[in-house]
Amino acid sequence: LVNHGYDVKVYCDSWSDYTEKTWKGVSLDCVASLKHKYLETIVRSALATAKEMFGRSDVVHFHGSGSAPLALLARMAGKKTIVT
């Protein structure tokens, strides 16, 4: 997508060893979350979804079943939504 001129943003956890803000043209946005066995994914995904609900993105892609229920919120905010 980057090669075709699209801006792509990926949300990742804040405690990983990411030193770069971009990777192959993809913007990396680190989001804080609880470091908890059961809550980590859903909390990080909820925070990222909240950012995107009020952001300028046209399409929001949820990758994985842990964050898939949040796709409804993005869709309610008028975002085109994809769940894989």
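- Between Phe62 and Ser67, the closest heavy-atom pair is CD2-O, 3.5 Å.
- Follow the hydrophobic side-chain contacts under 4.5 Å out from Leu70 and you never reach Tyr38; the two are in separate clusters.
- Considering every non-hydrogen atom in both Ala71 and Thr81, the closest pair reads CB-CG2, 3.5 Å.
- Taking hydrophobic clusters as Ile, Leu, Val, Met, Phe, Trp and Tyr residues chained together by side-chain heavy-atom distances below 4.5 Å, Leu1 does not share a cluster with Val60.
- Side chains of Leu28 and Cys12 form a contact here, defined as non-hydrogen atoms less than 4.5 Å apart.
- Once rounded to the nearest 0.5 Å, the distance linking CG of Leu34 with CG of Asp13 reads 12.5 Å.
- By the salt bridge (Lys or Arg N to Asp or Glu O under 4.0 Å) test, Asp7 is found to be paired with no residue, residues two or more places apart in sequence or in another chain being considered.
- Other members of the cluster containing Val59 are Ile82, with ILVMFWY side chains joined at under 4.5 Å, either directly or via other members.
- In this structure, the separation between CG on Leu72 and CE on Met76 is 5.5 Å, given to the nearest 0.5 Å.
- If you take CE on Met53 and CZ on Arg75, they are separated by 13.5 Å, rounding to the nearest 0.5 Å.
- Within 6.0 Å of NE2 on His61 lie more than 12 heavy atoms contributed by other residues, nucleotides or ligands.
- A continuous path of hydrophobic side-chain contacts links Leu73 to Val31 [ILVMFWY only; heavy atoms under 4.5 Å].
- Closest approach of Val2 and Lys24 over heavy atoms only: CG1-O, 4.0 Å.
- Here the shortest heavy-atom pairing between Lys9 and Glu52 reads NZ-OE2, 3.8 Å.
- Smallest separation of non-hydrogen atoms from Ser33 and Arg44: OG-N, 3.4 Å.
- A heavy-atom distance below 4.5 Å is not found between the side chains of Leu47 and Tyr11.
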Stepwise side-chain contact (heavy atoms from CB on, under 4.5 Å) check, Asp29 with Lys51:
CA-CA 11 Å; Asp29 191 350; Lys51 288 176 90 172; 2.9 Å; yes
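- With sequence neighbours excluded, no residue forms a side-chain hydrogen bond (donor to acceptor under 3.5 Å, both in side chains) with Ser27.
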